[in-house]
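The figures that follow rest on heavy atoms only: side chains count, while hydrogens, waters and symmetry mates do not. We name chains A, B, ... by the order of the sequence lines, and we start the count at 1 in each one.
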Amino acid sequence: MTVTFSVPRFDLDYCLEQLLKHKPPRLLPPQTIEQLCHMLKTELLKEANIMSLQSPITIVGDIHGQFHDLLEIFEIGGTPPNTNYLFLGDYVDRGYYSIETILLLIVLKLRYPQRVHLIRGNHESRTITTNYGFYTEIVTKYGGNTEVWSHITDLFDYLPLGATIDGNIFATHGGLSPSCQQLDQVRALDRFREIPHDGIMADLVWSDPDPEIMDFKLSPRGAGYLFGYDIITKFCRENDLIQLVRAHQLCNEGYISYWGGQCLTVWSAPNYCYRCGNKASVLEITHSNMQSKTNTEKQQQVLPGQYFNVFDASPENDIDTESGKGVNGFITDENVNDSEIFADFFKSIHRGKQAEYFL
Amino acid sequence: MEESNKDNNNRKQRQTFAKPFLVGSINAIEVTQAREMSRLHTIGRLPARGSKLDVKHNTSSSSTTADTSSTSSTTSTRSITSTGSSSIVSTSTDFTSTSTTPTPTVSVPAKSHQGACTNPQCNCCGQVIIPSPQAVFPIKEEPSISVNDWSIFSVKRPILNSVEIDTLNDTRFEFPLPEMIFGHSLMRIIHEPSGLHIEFNAVDALDSLESDSNLKVSYHEEWLEARKKKKEVKKDLDVLKSYDWTYSPNYKGSTSLAFIPTNDKQIPIDRLLQPDPILFFDECVLYEDELGDNGIGILSTKIRVMPTCLLLLCRFFLRIDGVIFRIRDVRIFIDLETNQVLREYKLQEMAYSEVVKLVTGKTDPKKLFRDSNWVANNILVILVTTEIATV
């Protein structure tokens with residue numbers, strides 16, 4: 001049996017302060033992370049596999065550890081709790097600040113549980129995070145300590161798999177599954193586990209739309225699906241939906257609309273991997289009534305009441321990547337005041353080693 | 001609603017949240033391989049500081065004179081003429097070398113460069129040498145340099161947008177293209193007197209793909225089995241028209257040079273090991289695909305130009321998790337004095353399970369698996385061919 005315990009609100013605010021008021025953002029100590037993860041797990045246990053949310057809401061796609069760009073999203077879209085947020089997963093890997101990003105989202109979710117919603121992406125998994133950088137980042141930043149990785153990947157098992165907005169928009173990370181015709185089939189899953197290689201749970205976080213096809217097709221890679229027009233039309237009809245909103249695929253413009261807005265891809269990592277030069281966006285949904293479209297809505301090929309707020313990479317990234325500094329969350333001893341709550345932790349961690357010179 | 005009322009009591013907190021303020025100093029350590037690479041390249045771009053290989057990123061230039069006096073490498077007197085206050089419109093650099101290193105004729109930007117020079121200046125000496133450490137957004141860089149008869153250009157642009165990808169799909173490629181195509185980026189070397197050139201770009205590389213790939217992801221069998229058992233999946237689904245989803249190119253560059261195979265010539269490693277000053281360094285990714293998060297396939301090029309020779313490496317690195325590692329390297333070595341061009345093509349491949357055996361006991365082996373240099377040094381070489389061309 002789990003014993004619930006809670007962190008007082010002012011402690012959550014202190015954690016927020018550590019992450020937001022310092023440059024680079026400060027890490028939280030492993031014990032604190034364990035406590036935060038435990039608290040959030042007990043909260044997430046109450047959530048259904050598919051959350052029922054209402055507009056107005058802003059939907060955010062992949063972030064991939066681009067912490068400064070996450071702050072940019074709050075800058076253009078408003079900060080919680082003034083704006084409702086639904087994050088579609090892929091918070092970690094590839095960017096330099098995976099741990100800071102997921103910590104900020106965890107603390108925000110605990111602080112404003114009704115305003116911030118997180119679902120699971122394919123990168124919220126143990127295998128993927130060891131392959132794509134989150135594990136390495138934690139090993140480096142926490143001096144070889146992998147506890148933090150265990151706490152956070154355990155938490156990932158509790159994240160919901162999708163959400164409906166006003167009951168007629170379905171949001172998930174990847175897309176549809178040939179094994180799933182009814183949303184209730186998703187609701188009936190046991191989601192508290194590592195993402196498997198096959199089945200509905202895998203397909204929800206892995207599959208992609210393909211505007212060229214009608215049916216499901218197998219990916220030439222040997223696993224995974226692409227879904228076409230007939231599939232999404234049928235799925236929407238049978239579940240009283242008007243739209244599928246998903247993330248998972250990089251797009252240069254920050255968003256893609258398929259089939260006149262029936263399926264949208266939202267991508268929120270600008271200048272992906274600090275080199276792609278792409279734009280990013282968040283999808284702002286003010287209502288889901290099927291009124292007539294405005295010009296912007298026609299141009300973006302979205303449904304009435306929706307707007308892709310497109311943005312570029314935060315200038316903060318340049319400061320970090322150009323001068324080769326501040327990509328780690330480490331702070332020197334002189335910056336830590338003994339009276340600070342986390343002072344012991346900061347003083348105990350060591351700086352990383354010098355990289356080798358290669359030919 | 002209750003939540004928002006509670007939150008009103010905390011308006012002060014929220015305001016500080018919206019505007020995180022700046023604090024003074026930031027510290028650097030390595031975080032990812034990408035970070036390390038960037039830093040190393042920054043070092044590579046600084047003027048030579050003697051023969052020591054373990055160069056520290058040292059912004060103070062006071063030790064330079066002492067270091068260089070005893071060694072063969074030179075940090076010579078430079079004169080910069082720059083018109084305009086901050087923007088570099090036209091800049092020329094003169095190298096006056098000591099006796100041991102021959103004197104190359106260097107021009108920055110390249111002699112046939114069109115438009116303004118975008119090569120940035122060195123932080124410590126102001127010399128215009130090489131591109132900035134990282135492209136700023138929006139990425140548009142066209143640094144160039146001429147040494148003797150040779151001009152080197154590199155162009156870096158953002159990934160193609162959906163319209164450009166659709167056009168390519170309609171006109172040139174029938175298969176789904178890689179997720180990130182830097183279709184306007186390229187690396188080009190031109191021999192100015194003859195106009196002969198060799199160029200590396202993404203679109204030509206994609207032209208060289210096989211029509212199919214016999215590789216499948218690691219859980220392919222398991223996945224197929226699971227599918228067959230499911231009763232709700234009645235009919236068999238089509239597979240999307242097969243193509244080489246690993247994007248492994250058979251590409252040795254787009255060139256007008258006449259290469260002939262040679263058995264007795266090899267790229268002179270000893271010359272590349274000399275700590276000659278690097279006049280120009282750049283790297284760019286041509287295309288990259290994450291294989292649906294089953295690994296990585298990346299084609300990238302790197303170039304470094306020294307006073308007497310240059311080395312270009314165009315590397316394709318493939319890792320399919322649980323399946324295979326593959327490296328396909330093209331190295332172009334040009335002796336800038338004799339105008340001899342060598343092209344080495346090297347194929348390497350090894351099963352994933354074999355590579356795993358090499359790293360048993362390491363705390364974070366997956367980190368090495370993302371490092372193409374480590375992989376290239378550790379997996380089996382299948383084929384090496386060398387070709388020669390003289391202009």
Problem set entry | Contact class of Thr130(A) relative to chain B, heavy atoms under 4.5 angstrom | both

For this session: Return the minimal non-hydrogen interatomic distance between Val205(A) and His248(A), and the atom names on each side.
Result: O-CE1, 3.5 Å

Exercise. For Leu311(B), is it the side chain, the backbone, both, or neither that has a heavy atom closer than 4.5 Å to a heavy atom of chain A?
Worked result: neither

For this session: Sort Ile213(A) into side chain, backbone, both or neither according to what part of it lies under 4.5 angstrom from a heavy atom of chain B.
Result: side chain

Exercise. Does the cation-pi check pass for Arg26(A) over Tyr14(A), that is, NZ or CZ under 6.0 Å from the six-membered ring centre and within 45° of its axis?
Worked result: no

Exercise. Which answer fits Asp93(A), side chain, backbone, both or neither, if we ask what part of it has an atom under 4.5 Å from a heavy atom of chain B?
Worked result: neither

For this session: Tell me, for Glu164(B) versus chain A, whether the close heavy atoms (under 4.5 Å) come from the side chain, the backbone, both or neither.
Result: neither

For this session: For the pair Tyr287(B) and Phe182(B), evaluate ring-ring contact (aromatic ring centres under 6.0 Å, His included) and give the outcome as yes or no after the intermediate values.
Result: CA-CA 6 Å; Tyr287(B) 64 76; Phe182(B) 296 83; 9.7 Å; no

Problem set entry | Asn294(B), part contacting chain A, at a heavy-atom distance under 4.5 Å | both

Exercise. Given the options Gly295(B), Cys284(B), Ser213(B), which has more heavy-atom pairs under 4.5 Å with chain A than any of the others?
Worked result: Gly295(B)

Exercise. Charged N to carboxylate O below 4.0 Å: is that the case for Lys366(B) and Asp321(B)?
Worked result: no

Exercise. Where the side chain of Glu253(A) meets the backbone of Asn161(B), is there a donor-acceptor pair that is under 3.5 Å apart?
Worked result: no

Exercise. If you count heavy-atom pairs under 4.5 Å between each of Glu221(B), Glu222(B), His220(B) and chain A, which one has the most?
Worked result: His220(B)

For this session: Pick one of side chain, backbone, both or neither for Asp293(B), based on which atoms fall under 4.5 Å of a heavy atom in chain A.
Result: both

Exercise. With chain B, which of Leu250(A), Asn122(A), Asn131(A), Val139(A) has the greatest number of heavy-atom pairs at distances under 4.5 Å?
Worked result: Asn131(A)

Exercise. In terms of ring plane angle, is the pair Tyr219(B) and His197(A) parallel, tilted or perpendicular, where the classes change at 30° and 60°?
Worked result: parallel

For this session: Give a yes or no on whether the backbone of Ser98(A) and the side-chain of Glu137(A) come within a donor-acceptor separation of less than 3.5 Å.
Result: yes

